[in-house]
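Inspection log for the structure reproduced underneath, given as structure tokens.
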2 protein chains.
Amino acid sequence: MYVKKLPELDYGVATTIKALGGKWKACILDCLHLGIRRPSELCRNIPGASLRVLSQQLKELEACHIVYKKVYAEVPLRVEYYLTSWGESLWPVIVAMNEWGNAYLHHHCNNTPQES
Amino acid sequence: MYVKKLPELDYGVATTIKALGGKWKACILDCLHLGIRRPSELCRNIPGASLRVLSQQLKELEACHIVYKKVYAEVPLRVEYYLTSWGESLWPVIVAMNEWGNAYLHHHCNNTPQES
DNA sequence: CTTCATAGGGATAAATTTATCATCATAGGC
DNA sequence: GCCTATGATGATAAATTTATCCCTATGAAG
């Protein structure tokens with residue numbers, strides 16, 4: 001890993017963005033809400049993300065106490081991720097962001113924000 | 001600038017994060033809500049951010065139609081940024097993110113998400 | 001014996017974002 | 001003239017995030 005060199009902002013929004021801002025994190029949280037729990041399942045449900053990347057993001061979400069991991073002593077190894085109460089409490093925020101973003105996309109269709 | 005090489009996710013949350021996710025964007029939007037409009041004023045109100053970086057972020061926000069720019073033909077040059085209706089409609093989302101993030105910070109005090 | 005699925009991680013590369021430094025232009029104060 | 005402030009931008013460096021490749025380990029299936 002690396003170490004942050006620049007000071008951070010103790011800012012509610014900044015904190016939320018750090019928690020949610022990873023490329024695949026919102027997708028992962030969506031999947032967890034749908035009951036998809038195992039890394040390999042997540043990988044199949046999120047086209048474009050490799051297992052490696054999802055593992056990294058899950059690890060970060062876990063470090064943030066947004067998800068937690070259950071490991072079963074089976075073979076092949078079986079792991080499940082669940083939302084913590086912090087993860088659950090994040091849901092309304094995700095919904096609000098999703099609504100705004102979708103409304104935005106409908107009005108600025110075929111472009112992402114930075115490019116339009 | 002650079003050109004994106006990898007495909008983007010057409011995801012409401014991803015869109016919102018792209019719009020809000022810049023390091024200083026939430027600060028800028030806060031300032032605009034407070035009536036701070038000129039780049040040099042923003043710079044003085046956001047310790048740590050250089051004028052150059054704020055200009056970049058303002059430019060991105062402008063490209064997203066979240067803020068717009070008014071230029072006055074004065075000397076020295078005078079510029080003001082305002083929230084568009086999209087920018088205004090983003091406010092509830094920012095508030096929700098801010099509340100969650102602040103609650104989070106209070107319970108995991110002295111740590112940012114990724115480090116805790 | 002080879003391959004698959006499972007989950008994880010080290011090493012490294014690539015992509016992206018943010019910061020730094022320099023420059024331009026204009027007018028005023030000293 | 002030199003320094004200030006204003007706002008913008010080009011070039012480049014640094015920091016950070018995301019992706020790729022390869023390896024570990026286990027047991028079952030072929």
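In the text below, chain A, chain B and the rest are named by the order of the sequence lines, each starting its count at 1.
Between the side chain of A/Tyr104 and the backbone N or O of B/Cys64, at least one donor-acceptor pair lies under 3.5 Å.
Residue contacts for A/Val79: at a heavy-atom cut-off of 4.0 Å it reaches the sugar-phosphate backbone alone, with no base atom in range. Note on A/Glu74: nothing from the nucleic acid sits closer than 4.0 angstrom, heavy atoms only. Among the atoms of the strands shown, only primed sugar atoms or phosphate atoms (P, OP1, OP2) are found under 4.0 Å from some heavy atom of B/Tyr81.
When the C1' atom of C/dA7 is taken as reference, atom CZ of A/Arg37 falls 18 Å away, rounded to whole Å. Residue B/Leu51 contributes atom CG, which lies 14 Å from atom C1' of C/dC21 at whole-angstrom precision. With rounding to whole Å, B/Trp24 atom CH2 is found 15 Å from D/dT16 atom C1'. One atom, NZ of B/Lys18, and another, P of C/dT18, lie 14 Å apart when rounded to the nearest Å. In this entry the distance linking CG of B/Leu54 with C1' of D/dA8 reads 13 Å, nearest Å. Atoms CD (B/Gln57) and P (D/dA8) sit 14 Å apart, rounded to a whole Å. The nearest whole Å value for the distance from the OH atom in B/Tyr72 to the C1' atom in D/dA8 is 18 Å.
Of all the heavy atoms in B/Leu61 and B/Ala19, the pair that sits closest is CD2-O, 3.6 Å. Closest heavy-atom contact between B/Leu90 and B/Leu20: CD2-CD2, 3.9 Å. For the pair A/Leu42 and A/Arg37, the tightest heavy-atom approach, listed with the atom from each and the gap, is CD1-O, 4.4 Å.
Ranking D/dA8, D/dT6, C/dA19 by closeness to the B/Arg38 side chain, first place goes to D/dT6.
A sub-4.0 Å separation between OP1 or OP2 of C/dT6 and a side-chain N or O of A/Arg44 is present. Taking only side-chain nitrogens and oxygens, A/Ser40 never comes nearer than 4.0 Å to OP1 or OP2 of C/dA5. Side-chain nitrogen and oxygen atoms of A/Ser50 include none within less than 4.0 Å of the OP1 or OP2 phosphate oxygen of D/dT20. Phosphate contact (OP1/OP2 of C/dA19, side-chain N/O of B/Lys23, threshold under 4.0 Å): present.
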Only pairs under 3.5 Å count here: list side-chain donor-acceptor contacts from residues 72-80 of chain B, not counting sequence neighbours, and write none if there are none.
unit_1  : atom_1 : unit_2  : atom_2 : d
B/Tyr72 : OH     : B/Glu80 : OE1    : 3.1
B/Arg78 : NH2    : B/Glu80 : OE2    : 2.9
B/Glu80 : OE1    : B/Tyr82 : OH     : 2.6

> For every nucleotide of nucleotides 25-30 of chain D, 5' to 3': is a protein heavy atom under 4.0 Å from its base (B), only from its sugar-phosphate (S), or from neither (-)?
Replying inline: --S---
Distances for protein N/O vs nucleotides 9-13 of chain C N/O pairs under 3.5 angstrom?
unit_1 : atom_1 : unit_2  : atom_2 : d
C/dG10 : N7     : A/Arg52 : NH2    : 3.0
C/dG10 : O6     : A/Arg52 : NE     : 2.6
C/dA11 : N6     : A/Arg52 : NH2    : 3.4

